[in-house]
Amino acid sequence: MAATTDEAGVVPDPVNRVTLRDPIRESEERANQARIKRLTEAFNVFDQESNNTIPSTELGTVVRSLGLVPTEGELQDILSEMSDDSNPESIHLERFLNVMNVILKDRRYQGEPESKILRAFQVLDAENNGFITEEEFRNYLCKEGEPFNDEEFQDFMTIALDDESDRICTYKDFIQNLVVEDND
Amino acid sequence: MFSERWICCCCPKTHKPHRSIVPLEQPQPPPPPPKQRPQPERQSYPVPKSKRRDKKSDVTLAAVVIIQSWFRRKQARFEIRRKAAWTIYQNIEYAGEQDQLKLYNFFLDLMQAVTKNPRDALVVAKVLRRTSSLTGSALAEEIELVQTTGPDTVYVESSYKGPHIQLPINKEQFESLILALQRGEFLHVRYVLLILHEVRRILKRLPNVNVVSTHQSKCVTVVGDLHGNLSDLMLIFHKNGLPSNENPYIFNGDIVDRGTHSLELFILISVAFVVYPNNVYFNRGNHEDHVLNLRYGFMKEIIRKYKSQATKLLLLFENIYSWLPVASLIDDHIFVAHGGISDITDLNKINQIKRNKYVSILSPSFIIPDNDEQYQIDGLSNEQLLEWRQMLDLLWSDPKQTNGCEANTYRGGGCYWGPDITKKILEKHNWSLLIRSHECKEEGFDYCHDKKVLTIFSASNYYAAGSNRGAYVKIATNQPLSIVQFMATKTTVKPLTLWERVSFVEEQALRNLMEKFSSNKSRLMKEFLIKDPSKTGRLSLNDWCDIVTNVLDLHLPWRTLKSRLVDIDLDGSVLYESTFRSQELQCAYNSKLTHRRESLCQAIYRNKDLLETVFRAIDQDNSGVISMKEFTDVCSFLGDHNGSPFDEKQIMDLATSIDLDKNGVIDFNEFLEAFRIVDSGDRVGERI
């Protein structure tokens, strides 16, 4: 067996050389690949022309479809990290992947657990009625925090109320609908 | 250049996601929300009472934001489900069209290699030539057409209870025909022929490009693809008024195919055209072409409705298509064509073409030889090719967002053209706007290329109930364009909420996908087992997605869809046998499905459309039967050239078992009907 010399002048021993596999690294790498694929797929749904860009206006939908629950303010932060000043209207796949991969890995923006949502409703239900009227919802959701516009509020109310509506919503049932079932 | 307002009437309350089109009356999209941090990073509550009063508004704020974030996430989920469903439909549609075009290209290639296999050549020539066998002088053609397909070749029996039409056709007859069709009445073939001959007579006098002027009427309405949806046209007439000299209409192609009432629709528009020949305009669409009618349903509809008289109708339609104008020009500055334009579009050149040479735009007659042995595509001059392209591009092209002009491989004909081409062509001709159709849009319309190109699509619910709106555009002199949207709904159905609609449309799309799974079962299982040699029944998500993408050749957001398609194990791996859990392929002729037979049946089901197309093409007399030999020839031919070879012996076996009468002919409709995807648990009735 011919011995080769490497840079340092040391001759590696081919017979006794052992290469170690690093299972942790491999598993991380696999997880990374899976994340990238997941991100790319979600991105592609909105990439109308298959040119690796999406309109900035769709970022919120894409991020949320991945199961994240950022506030509007947090979404703005994400957007500013990945948008391109020369072309603020669209986001390129590469930048999207870079930013989102870290976010997914760090498990950020996971949102409050279901129990906290219940508490949130209870906070708004100051008199402890067990329900919140449409008016009350409107006052809170359309005027405070990160307000809903008319469209969002209307859609919100369609889940809140039963078909033959009586304009009040017992939020305990409602929460079932709000919480997204699927695990991605 | 044109500002517009849009109004949406009589649709169920639907979700209007953020779109690039914003109506003028409303302000621009809301400014981004203020960059505030609504709460500190870690807020836990309930907050101890002593601090409560100070923090109360903070806590409330926090609660509000939580609810808002969760709701927006829910909404986003629905939005992506909706988009994913749309992607499914579009991909399947394009895959279908690619099939057709692949097949067509195979045929053309095969024409080149004709001497090598005369058997193939026969099939190919038959398909492409179909009934365009009227040769000889124009006068001879006229005479022959009238003799073969004239209304006088048919008698109306005394038992006929439907509407009667007589010349001259007038407004009253038009209006009573509308009522009759709304009631679902059937129009006798004699009257259909009568109307079609009248249409033809008038069409022949028209130029290639309709000259439309709003000088007198002050307005004109452009309607896009209708695809056999009679209810959409009724809705349009209801909202916009019937065509008349004061209310002109341009029909921008694709009236027929896909829908269930293509014939009635074409007849209705024809009658309007005959009554108001100066104020109703036809533009030819890519589906006004017998080669596409073979595959996309119009031919089938005619045969089903008119049986023994179908051949006459088909012949006549073929001829009429060739006389349809290919574009319209409104007031010299708005150009209207079905597909669009390309880098070579030139009005002067278009005006000089003898358009009736192009019986089929996909396979014009000068390509098809008189006898089966030779063909001349190599012999076409550059001029001829360019002329063909002018026609093809008008009817088949699609716009794209980036500059340039490239061949449209999705459709196989026409180009993708970019904003620079739009600018160039509009400037060259001094036009200000291009209106086209050809592509289904969720809102029924869409602008692109800096608002210089407007797509208008008028077939609502095109993919499934609730999938999209239709729209039409009204152009008035010296006024902004007015686009009106609509959606045909059955009045008995109560309007669905956003969430219900999304679920419904998605469900249909998913059924389509699951059908594809079932019809590819053998191929999929083979790949699954390669990756799972120890037969654990599980695969990693990645593996499953890759296999499904490759075998089906469909690039879809599988990860987003997976929970609705397959069962997922607790550790995230896919239980791949559940891919076929809800639907199975059944073949009435196989009481015992051996493994090999199963593959063949799936292959037949997958290629059902193509088989049907070719069978129908070679069935010259439209009787629905072809000889055993023709049957096996077609199966072999398609198998060889479609990448999934059919075992000839198996086909023969199958054919023999189907030939119930043992008289050497096969009813191919019956044959194909026997292959169906059914929900698991149903059984197709045993035939043998």
Side-chain angles (χ1 to χ4, degrees), chain A residues 30 33-34 37-38 41-42 44-46 48-49 51 55 57-58 60-65 67-77 79 111-112 116-117 119-124 126 140-141 144-149 151-152 154-156 158-159 163 175 177-184, chain B residues 13 15-20 29-30 32-39 44-46 56-57 59-81 83-84 86-87 400-402 497-499 540-542 545 555-560 562-564 568 572:
Chain A
R30 271 201 302 274
Q33 283 308 314
K37 283 204 180 170
R38 208 181 131 200
E41 206 184 76
N44 282 339
V45 174
F46 289 89
Q48 298 280 10
E49 291 146 38
N51 58 359
T57 43
E58 302 283 22
T61 309
V62 179
V63 169
R64 288 177 175 125
S65 75
L68 307 180
V69 198
T71 63
E72 288 289 319
E74 288 165 339
L75 205 52
Q76 276 300 110
D77 290 341
L79 178 59
E112 307 290 343
K116 293 248 172 111
I117 305 181
R119 298 255 186 85
F121 277 105
Q122 285 166 341
V123 164
L124 298 187
Y140 284 124
L141 300 175
E144 313 257 8
E146 296 176 332
F148 283 160
N149 59 33
E151 211 181 291
E152 285 173 310
Q154 265 181 337
D155 288 337
F156 180 85
T158 49
I159 339 176
D163 267 309
I175 287 173
N177 288 332
L178 252 198
V179 176
V180 182
E181 331 74 20
D182 293 321
N183 260 334
D184 259 335
Chain B
K13 268 268 174 270
H15 177 64
K16 289 192 259 290
H18 302 296
R19 296 272 167 227
S20 48
K35 264 187 103 133
Q36 69 193 49
R37 288 231 155 251
Q39 82 260 40
S44 57
Y45 44 44
K56 183 177 179 197
S57 51
V59 169
T60 310
L61 203 51
V64 169
V65 171
I66 286 175
I67 296 174
Q68 287 163 337
S69 305
W70 273 94
F71 173 74
R72 286 185 169 120
R73 183 183 158 191
K74 178 83 177 179
Q75 246 194 346
R77 262 328 194 68
F78 268 88
E79 178 62 5
I80 206 164
R81 276 170 64 183
K83 266 245 159 30
W86 188 257
T87 313
K400 64 179 172 118
Q401 299 289 45
T402 50
T497 62
L498 152 71
W499 322 97
S540 74
L541 181 58
N542 269 350
C545 290
H555 296 264
L556 291 175
W558 298 110
R559 284 166 186 78
T560 311
K562 68 173 193 295
S563 56
R564 281 175 180 70
I568 313 277

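None of the values given here were measured: they were computed from a predicted structure. Every chain is numbered from 1 and lettered A, B, ... according to where its sequence line falls, protein lines coming before strand lines.
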Asker: Heavy-atom distance under 4.5 Å between the side chains of A:L141 and B:F71, does that happen here?
Answerer: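 No, too far: nothing below the 4.5 Å cut-off.
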Asker: Looking only at heavy atoms, which two atoms of A:Y140 and B:T60 are closest? And how far apart?
Answerer: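 Looking at all heavy atoms of both residues, the shortest contact is CE2-CG2, 3.6 Å.
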Asker: Given a strict heavy-atom distance threshold of 4.5 Å, which part of B:L556 is in contact with chain A: side chain, backbone, both, or neither?
Answerer: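 Backbone of B:L556 only, per the 4.5 Å heavy-atom cut-off to chain A.
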Asker: Would you say the side chains of A:Q33 and B:N542 form a donor-acceptor pair under 3.5 Å?
Answerer: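 No - no donor-acceptor pair under 3.5 Å links their side chains.
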Asker: Give me the atom names and distance for the closest heavy-atom approach of B:R72 to A:E72.
Answerer: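 Closest pair (atom of B:R72, atom of A:E72, distance): CD-OE2, 3.2 Å.
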Asker: Which bit of A:L68 is near chain B, if near means a heavy-atom gap under 4.5 Å: side chain, backbone, both or neither?
Answerer: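 Just its backbone gets close to chain B.
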Asker: Looking only at atom types and distance, does a side-chain atom of B:E79 sit under 3.5 Å from a main-chain N or O of A:T61, one as donor and one as acceptor?
Answerer: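 Not a single qualifying donor-acceptor pair exists.
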Asker: Considering non-hydrogen atoms only, spot the tightest contact between B:I80 and A:A42 and give its length.
Answerer: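 Where B:I80 meets A:A42 most closely, the heavy atoms are CD1-O, 4.5 Å.
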Asker: Listed by chain and number, what are the salt bridge (charged side-chain N to carboxylate O under 4.0 Å, His left out) partners of A:E144, not counting sequence neighbours?
Answerer: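 A:E144 satisfies salt bridge (charged side-chain N to carboxylate O under 4.0 Å, His left out) with no other residue.
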Asker: Minimum heavy-atom separation for B:R559 to A:E41, with atom names?
Answerer: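 Scanning both residues completely, I find the closest heavy atoms to be N-OE1, 2.6 Å.
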Asker: As an exercise, state the distance from CG of B:L61 to CD of A:E146, rounded to the nearest 0.5 Å.
Answerer: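 Going from CG on B:L61 over to CD on A:E146, the span is 9.0 Å.
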Asker: Can you name the nearest heavy-atom pair linking A:S65 to B:A76, along with the distance?
Answerer: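 In terms of heavy atoms, the two residues are closest at N-CB, 4.3 Å.
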Asker: For B:W86, is it the side chain, the backbone, both, or neither that has a heavy atom closer than 4.5 Å to a heavy atom of chain A?
Answerer: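 Interface part for B:W86: neither.
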Asker: With a 4.5 Å limit on heavy-atom distance, are the side chains of A:E58 and B:K83 in contact?
Answerer: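 A:E58 reaches B:K83 side chain to side chain.
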Asker: Does any heavy atom of chain B fall under 4.5 Å from the side chain of A:P70, the backbone, both, or neither of them?
Answerer: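 Backbone only.
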Asker: Between A:T71 and B:S69, what is the shortest heavy-atom contact and its length?
Answerer: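 Shortest heavy-atom contact: CG2-OG, 3.7 Å.
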